[in-house]
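This one's a predicted model, so the numbers in the text were calculated from it and none came from an experiment. Chain letters run A, B, ... following the sequence lines, proteins first and then strands; every chain starts at 1.
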There are 2 protein chains.
Amino acid sequence: MAEASGLSPALSSAEKNPLHLQCGECPIRHRAVCARCDNEELTALENLKYYRRFEAGQPVVWSGDRMDFVASVVTGIATLTQTMEDGRRQMVGLLLPSDFVGRPGRMIAGYDVTAATDLVMCCFRRKPFEEMMATTPHVAQRLLEMTLDELDAAREWMLLLGRKTAREKIASLLAIIARRDASLNLRRASGKLMVDLPLTREEMADYLGLTLETVSRQISALKRDGVILLEGKRQILVPDFDRLLEEAGDDCDGGIPG
Amino acid sequence: MAEASGLSPALSSAEKNPLHLQCGECPIRHRAVCARCDNEELTALENLKYYRRFEAGQPVVWSGDRMDFVASVVTGIATLTQTMEDGRRQMVGLLLPSDFVGRPGRMIAGYDVTAATDLVMCCFRRKPFEEMMATTPHVAQRLLEMTLDELDAAREWMLLLGRKTAREKIASLLAIIARRDASLNLRRASGKLMVDLPLTREEMADYLGLTLETVSRQISALKRDGVILLEGKRQILVPDFDRLLEEAGDDCDGGIPG
DNA sequence: TTCCACCGTTGATCTGCGTCAAGGAAGCTT
DNA sequence: AAGCTTCCTTGACGCAGATCAACGGTGGAA
């Protein structure tokens, strides 16, 4: 793993103690690997690393080589991207806090992992992780469930990539971000739903299989049509979430929790 | 689960005993769930079902409702597809022998499961499966590995859907089928690689996020350019596999095993 | 045999999105 | 302040692939 060398992280006090952001003592949220906070094997393996959002041409944190570890996002956002020789790029994973990357059992990464924001990850070396999996069955089960969730998300994503129009893709992404955002900390402004976009237009384009120009145009169009309101460039207001879902072409039932 | 009722399967002798197709005694291949053929819990739960390839408008074997089971393909091919209200369809999974569907822990299917060919599946009810998972750690681990493999495949697929041209998509699909085909039983005719397409043009289109017309045109183009030869409509000869990979835009190293 | 359903091919035309290009706004460093 | 970089927006144009349409081949049923 590439060392996050020379970083002198200027973080808020909450971010300084990511251990306590999640479930009090355990570096990994309940939703993540650890199902019991008092799991000593897990906390003993704890190994936090900082990564800065990359400036200029976003180089990767890890490229497509050895990946003999498992890592869980504590704070920040990481992206998984695949790149073709000629530079075409497709995002294939978006890791929010409590999501994980890595392959117990296999060793080669098939994608780049990049810090989309400043990022704190909790890393486990492969060997001890595997031993722990073998001796602690509930960890393997939890991991299986999370992986199946990821797979379901990937399949939704495939429908988006293969069959949705640009406008539907944008609306879908906004709905996804809004929903995940809301599941953590719901924020409403004057009865409307407030969402901020953690991604640049280019990153959205890579997520959606579009160009950044098309992303920009469609966001403008949604704004023009009153589906969303822009508050600056990276923050949107959603006056009517159901309308947004409609634009997304989602049969996916379910609004915002809370 | 929908019963495959009223089927009087007219199958070859090999297909009549799918138990013995895979690893002699166990209905599930080594690659699949069962890591030890003598696992009595597994074989005791064994529950084989036949499904016919659906004629006319392909209805689904299971639609997006309860899915309180886990099932593994023994012989044949199953597809997972998602459909939007207006009928747009995207394939999100292609299950060959030893692949599985199902959600230990969760209950709702997010996609249709369809028999693309006549199909034999080995089904486990959720409850006993979960109990077994809890008591037999190597099953959970094996399942996790398989799920991670699926996830990797899904991510390759996302690159294909989001960024590849129609020609590259077709070449990629042919390469994928050839590779999976070869990993089971390699067949070569006069030094060339012989692959038969288990999917209709429409199913390929759903796989690739294209229309069936475009699929047909691009296959014709690849044939015209000598990348492939057609032997009938559902069987192709690949004179040069590396050439095919090149057309696919794959940096994905690795030719045909064997 | 005829009829019909399904599957595949090919042509003509249309259009959504990519491509190329120019420029504006915000945040830096010097 | 000026000047840089990064991020975003908007316009003009072209093309890959969708859409609409016609037709051929094959296999099963009557």
Exercise for review: Could you pull out all residues at least two apart from A:R88 that satisfy salt bridge (charged side-chain N to carboxylate O under 4.0 Å, His left out)?
Suggested key: A:D86, B:E168
Practice item. Mind checking side-chain hydrogen bond (donor to acceptor under 3.5 Å, both in side chains) for B:S172 and listing every partner two or more places apart, or none if nothing turns up? Key: B:K164
Point to revise | Spacing between B:E202 atom CD and C:dT9 atom C1', to the nearest angstrom | key: 15 Å
Protein-nucleic acid N or O pairs under 3.5 Å, nucleotides 16-23 of chain C:
| unit_1 | atom_1 | unit_2 | atom_2 | d |
| --- | --- | --- | --- | --- |
| C:dC17 | OP1 | A:A166 | N | 2.8 |
| C:dG18 | OP2 | A:T211 | N | 3.4 |
| C:dG18 | OP2 | A:T211 | OG1 | 3.1 |
| C:dG18 | OP2 | A:T214 | OG1 | 2.4 |
| C:dT19 | O4 | A:R217 | NH2 | 2.9 |
| C:dC20 | N4 | A:E213 | OE2 | 3.3 |

Point to revise | Lys/Arg N to Asp/Glu carboxylate O, B:R89 vs B:E202, below 4.0 Å | key: yes
Practice item. Look at A:R234 and D:dC8 and indicate whether a side-chain polar atom (N or O) is within less than 4.0 Å of OP1 or OP2. Key: yes
Study note, to complete from the structure: Hits for salt bridge (charged side-chain N to carboxylate O under 4.0 Å, His left out) against B:R167, two or more places apart or cross-chain, chain-then-number order -> B:D225, B:E247
Check your understanding: Quick one: which of D:dC7, D:dT9, C:dG8 gets closest to the side chain of A:T200?
Key -> D:dC7
Check your understanding: Atom CZ of A:R224 and atom C1' of D:dT10: how far apart are they, to the nearest Å?
Key -> 12 Å
Review point. Rounded to whole angstroms, how far apart are NZ on B:K233 and P on D:dG27?
Key: 11 Å
Point to revise | ring-ring contact (aromatic ring centres under 6.0 Å, His included): pairs with one or both residues in residues 198-229 of chain B, sequence neighbours excluded | key: B:W157-B:Y207
Point to revise | Spacing of A:D206 atom CG relative to D:dC7 atom C1', expressed in whole Å | key: 14 Å
Exercise for review: Give A:R88 one of three labels, base, sugar-phosphate or nothing, depending on what nucleic acid heavy atoms sit under 4.0 Å from its own.
Suggested key: nothing
Exercise for review: Write down the distance between CG (B:L212) and P (D:dT19), rounded to a whole number of angstrom.
Suggested key: 11 Å
Practice item. Mind calculating the distance between CD1 (B:I170) and C1' (C:dT9) to the nearest angstrom? Key: 14 Å
Exercise for review: Could you state the atom-to-atom distance from CG of B:L161 to P of D:dG17 in whole Å?
Suggested key: 13 Å
Report all side-chain donor-acceptor pairs from residues 215-222 of chain A shorter than 3.5 Å, counting only partners two or more places apart or in another chain.
| unit_1 | atom_1 | unit_2 | atom_2 | d |
| --- | --- | --- | --- | --- |
| A:S220 | OG | A:S216 | O | 3.0 |

Check your understanding: Taking five pairs at each end of the helix from C:dT1-D:dA30 to C:dT30-D:dA1, what angle separates the two helix axes (nearest 10°)?
Key -> 30°
Study note, to complete from the structure: Those residues at least two apart in sequence (or on a different chain) that pass salt bridge (charged side-chain N to carboxylate O under 4.0 Å, His left out) with A:R234 are none
Exercise for review: Compare every heavy atom of A:T79 with every heavy atom of A:A116, then report the nearest pair and how far apart it is.
Suggested key: CB-CG2, 3.8 Å
Practice item. Mind checking salt bridge (charged side-chain N to carboxylate O under 4.0 Å, His left out) for A:D240 and listing every partner two or more places apart, or none if nothing turns up? Key: none
Check your understanding: How long is the line joining CG of A:L230 and P of D:dC8, in whole Å?
Key -> 11 Å
